[in-house]
Structure formats: C-alpha cells, structure tokens
Number of protein chains: 2
Amino acid sequence: MITPTPRQSDSPSAAHDRVYRALRTRIMHGEFPPGQAMTLRGIGKMFDVSMTPSREAVRRLVADGGLNLSASGRVSTPELSNERIEELAAIRALIEPELASRALPRAHMALIERLQTINGTIAELVAKHDDVGYIRANLEFHRTLYLRAQAPAMLALTETVWLQLGPTMRALYSRLNRTEVPHNHRLIVAALRAGDEPGLRLAVRSDVTQGLRMLAV
Amino acid sequence: MITPTPRQSDSPSAAHDRVYRALRTRIMHGEFPPGQAMTLRGIGKMFDVSMTPSREAVRRLVADGGLNLSASGRVSTPELSNERIEELAAIRALIEPELASRALPRAHMALIERLQTINGTIAELVAKHDDVGYIRANLEFHRTLYLRAQAPAMLALTETVWLQLGPTMRALYSRLNRTEVPHNHRLIVAALRAGDEPGLRLAVRSDVTQGLRMLAV
DNA sequence: ATGGGCGCAATGTGATCACAAATCGCACAA
DNA sequence: TTGTGCGATTTGTGATCACATTGCGCCCAT
C-alpha cells in the first residue's frame, strides 16, 4: 500500500500465489454462489496486495475454469448450464473410479480409518446444516482416497473439475436438506475393506453422479 | 514500448490473451524442447509487449501445465518423468475413447472425408520428416473428430493434456523415423464408417497409447 | 410515475519503475 | 587445471500510473 518494498520477494510464498491458493480453495469449497462478481481491486484489498498479484491469481483461476472472464474483462464465478454440469459429472464419473481403483491396492487400514473419521465429521456437519463444511469434508474424503493412487496429474485434473463445480455445488446443496452421510461413502469404505475392485468403482461412480443428477430437474 | 497508449484496450484481443494463445499453440505443437527456458522480458519482446501481458500469459500457461515455474520463478517448458508421461497417456486413454464414442453418432460423411484429408496431409508431412507439422496435423485429426462430441469441457481437458505433452512429443517424435500414416488413424476412420463403437474405442485408445509407450525404454 | 439519455465513477489493461534474489562470469588461489 | 568466492548483470515481483471502456445512477422531460 504505502510501503514501497515491504515483503521479501518470493521464497516463502509469492503474493500472487498466496492469493491464488486462497481464492481457489474458497471457490472449490463453495464459499461463493454462481455468478458472484469480483473486482481486481477488491480481491487485492481482500488480501492486502495491489492489483498486480490479484490479476495474476485471477488469470490462473480463469485458466482452470474456477472463474469466468466476461468479454469486457469482468471477473465472476461461473454459472454452469445443465449441459455443462452433466459433462463435468461425466468427467468425474470417468476419472474418479480409475483413481479409486489405483488406490485400492495401497489402501491399508490406517487409510480406511481416516476415511471413516471423515465420514463421522460429515455426519456432524450434516446435522449442523453446514453446507460449506460439508462440501469441504466431502472433497477431503475423496482426496484422501485418491492421494493413495500415486497419480498426481489425474488428481490435479479432478480437482480442477471440483473447482469448476464449486459454486454450483454450494447452490445445489444449500437447497437440499441432507439428513445423513451419503450411503455411497459407506459403500466405498466397505469395498476398500473387502478389496472389491468392481464394487469400489461402482460405489465411487454412484457417489459422484448422484449429487449432480438432481440438476436435471 | 515508447508508445504510451497505443493499442485499443481489449475488444479485439487483449495483448495478454494474444500472447497466451500464441505461446500455447507453439508449446502444444512441440516447437520447444523439454526444459526450454524462457524469460518474461524475452517473451514480451517476442510479441512486442511489456512484461505485464507476458507475465499474465505465463501464469495461465503454468496453471494448465504447459509451462513450469521453478522455485525462484524461472519459467521453462516441462521435463516430464516417465511416470508422468505414462499417467498423462493413461488420461488420454481414458478420455479420448469417450470423446470418440460421443462423436460417433454425429459423424457424417463430410467429417469422415475431412479426417481422410488430414490423414493425407499427415502422409506428406511424414515424407518430409516435418515433426512439428506432423504433431500439429495429428492433433488436428483428433480435435476434428472430438469437436463432434459436443463436449467442450472434455475437449478442453484433453487439450491441456496435449499441451503438457507437447515438448515431450517433439523430443520423442524427432528421434523416431516414421514411414507412414499411423495404422490406427485408418482404423479410426474405418470404425466411423462402419458405426462400430467398440472398434472405434479400441482404435482411439491404441492410437493414443502407442506413441507414448516407447518412452518406457 | 416512468422512460430515456447523459455524465461520472468504477474497472480492466498495459507500461514503467524500484528492488531483491538469483544466476552467471571471471579472477584468484590451491 | 580445478575449485571457490565475489561482483555485476539478469530476472522475477509488486506497486503505481495513465488511459479507454464499461456500466451504473441520476436527472429531466413527457
């Protein structure tokens, strides 16, 4: 702001990168509704940086679909058409079973217990009607499993799909009154225990597809 | 450079966007070897813009994997490990058959003839040992087919995989002496003619996998 | 009260500058 | 000849500024 050269340049974390990661996480977790408008100066003020780093963060987020850029350069979270939502769901249904399948041979007891703990957290958040928390915990469940697949490119790609769906998921889940942990999460854990690869693929695919299917209404 | 406000702001094409698209195309088509270093000022000079637009273009390209950013902020084309190459090939093998399958019911004679024309072009480029041209025509073959799938998100995702593989493909194909059009391209066209969906999936998967398989050497 | 038009505020874009870190080269010593 | 340290140049980062355009609000006329 007034300080001419305050922060050390880049070693710990460049400003633009800090803005990027923070914004990305918040979008992915559904903290913004679809179509939410933002301004470069506003983002800059939000993180106490100038326009330059916030512009760079926005560029990256636009590149992976987390933000939309209007023809005049205005920034906003995406408003997805039904076709686009179904397509993104199809991508998830294609990749995530593959990730789960690759994780299966490496899924030891400690991992399964961690997944069950997350399911417990989800149950609490459902009871509290904490939608943002629910989305975050739900994604954490999937990410925890997929990390075992040792497939970073596939995981990164999946996360950009989650990012694109973030605002829509928030809008979707907020008009949905969940009462319990998704049944498919329990099926996933059970299939992991049993080493049942086809069952695991099916459960993951169902879990991914079910939430987005009610958009067709 | 010296001009204070020369170009009209953004309507036709913002400078950063022009730089982004040009650079992205060149990387995807394999015009740079893996590990090729670049500088923001150099990119700016290359397109006759200042550092600001080239920085933004680089940010976007880093976001979708077309460029790597070292810890000190240095920019270079990615040098992929064998594991990463195999993973990207697996992603292609997962998504591209799906795209082809979705394109199949919409593939009329005009499309098939366009694909055959591209195959003819590929034959010429193979004869001329034009690697960059070969990669470009090869990707054009796939993109022409996939455009019919009416699945823009899937296609965009596939293109980012191509982008990541660009420099590696160039390095790979240049130490490979092709003598003819890939057999699988002809199989793809034949399966389209016959309306043979399983055969199409198999041909696409084989075509995608074969080129990258010899990396395991 | 409503609709249209004008003007100003807000916003994105790109150039430039100052600065810090990193990298490279060269000289000197072992 | 080879390894090491120092200094200059290169390079990325972030702030700021000028400017064009967009869009919003307000005012006036009907």
| request: Can you check whether any acceptor in the base of D/dG14 is under 3.5 Å from a donor in the side chain of A/Arg55, or vice versa? | output: no
| said: Is there, by distance only and without an angle test, a donor paired with an acceptor across the side chain of A/Arg41 and the base of C/dG12 below 3.5 Å? | reply: yes
| remark: Walking DNA chain D from its 5' end, the first of A/Arg74 and A/Pro53 to be reached, judged by nearest nucleotide, is A/Pro53
For the pair made of [atom1] in [X] and [atom2] in [N], what is the distance, rounded to whole Å?
{"X": "B/Ile43", "N": "C/dG14", "atom1": "CD1", "atom2": "P", "value": "15 Å"}
{"X": "A/Tyr20", "N": "D/dT13", "atom1": "OH", "atom2": "C1'", "value": "19 Å"}
{"X": "A/Lys45", "N": "D/dT16", "atom1": "NZ", "atom2": "P", "value": "13 Å"}
{"X": "B/Leu69", "N": "D/dG12", "atom1": "CG", "atom2": "P", "value": "9 Å"}
{"X": "B/His16", "N": "C/dA15", "atom1": "NE2", "atom2": "P", "value": "11 Å"}
{"X": "B/Glu56", "N": "C/dG14", "atom1": "CD", "atom2": "C1'", "value": "8 Å"}
{"X": "A/Arg59", "N": "C/dG14", "atom1": "CZ", "atom2": "P", "value": "8 Å"}
{"X": "B/Leu40", "N": "D/dT13", "atom1": "CG", "atom2": "P", "value": "6 Å"}

| field | N-O pairing of B/Arg205 and B/Glu96 below 4.0 Å | value | no
| Side-chain ion pair, B/Arg60 and A/Asp64, N-O less than 4.0 Å | no
Among [options], which nucleotide sits nearest the side chain of [X]?
{"X": "A/Val75", "options": "C/dA22, D/dT13, C/dG12", "result": "C/dG12"}
{"X": "B/Ser50", "options": "D/dG14, C/dG14, D/dG12", "result": "C/dG14"}
{"X": "A/Ser72", "options": "C/dT13, D/dA15, D/dG23", "result": "D/dG23"}

Exercise answer: donor-acceptor pairs, residues 132-140 of chain B side-chain atoms, under 3.5 Å, sequence neighbours excluded:
| residue | atom | partner | partner atom | Å |
| --- | --- | --- | --- | --- |
| B/Tyr134 | OH | B/Arg178 | NE | 3.2 |
| B/Asn138 | OD1 | B/His185 | NE2 | 2.9 |

| said: Side chains of A/Gln164 and A/Glu159, heavy atoms from C-beta outward: is any pair under 4.5 Å? | reply: no
| query | Mind checking whether B/Arg143 and B/Leu147 have side chains closer than 4.5 Å, heavy atoms only? | reply | yes
| Under 4.0 angstrom between A/Arg18 side-chain N/O and D/dT13 OP1 or OP2 | no
| Looking across every strand, which nucleic acid part, if any, lies under 4.0 Å from A/Thr39 by heavy atom: base, sugar-phosphate, or nothing? | sugar-phosphate
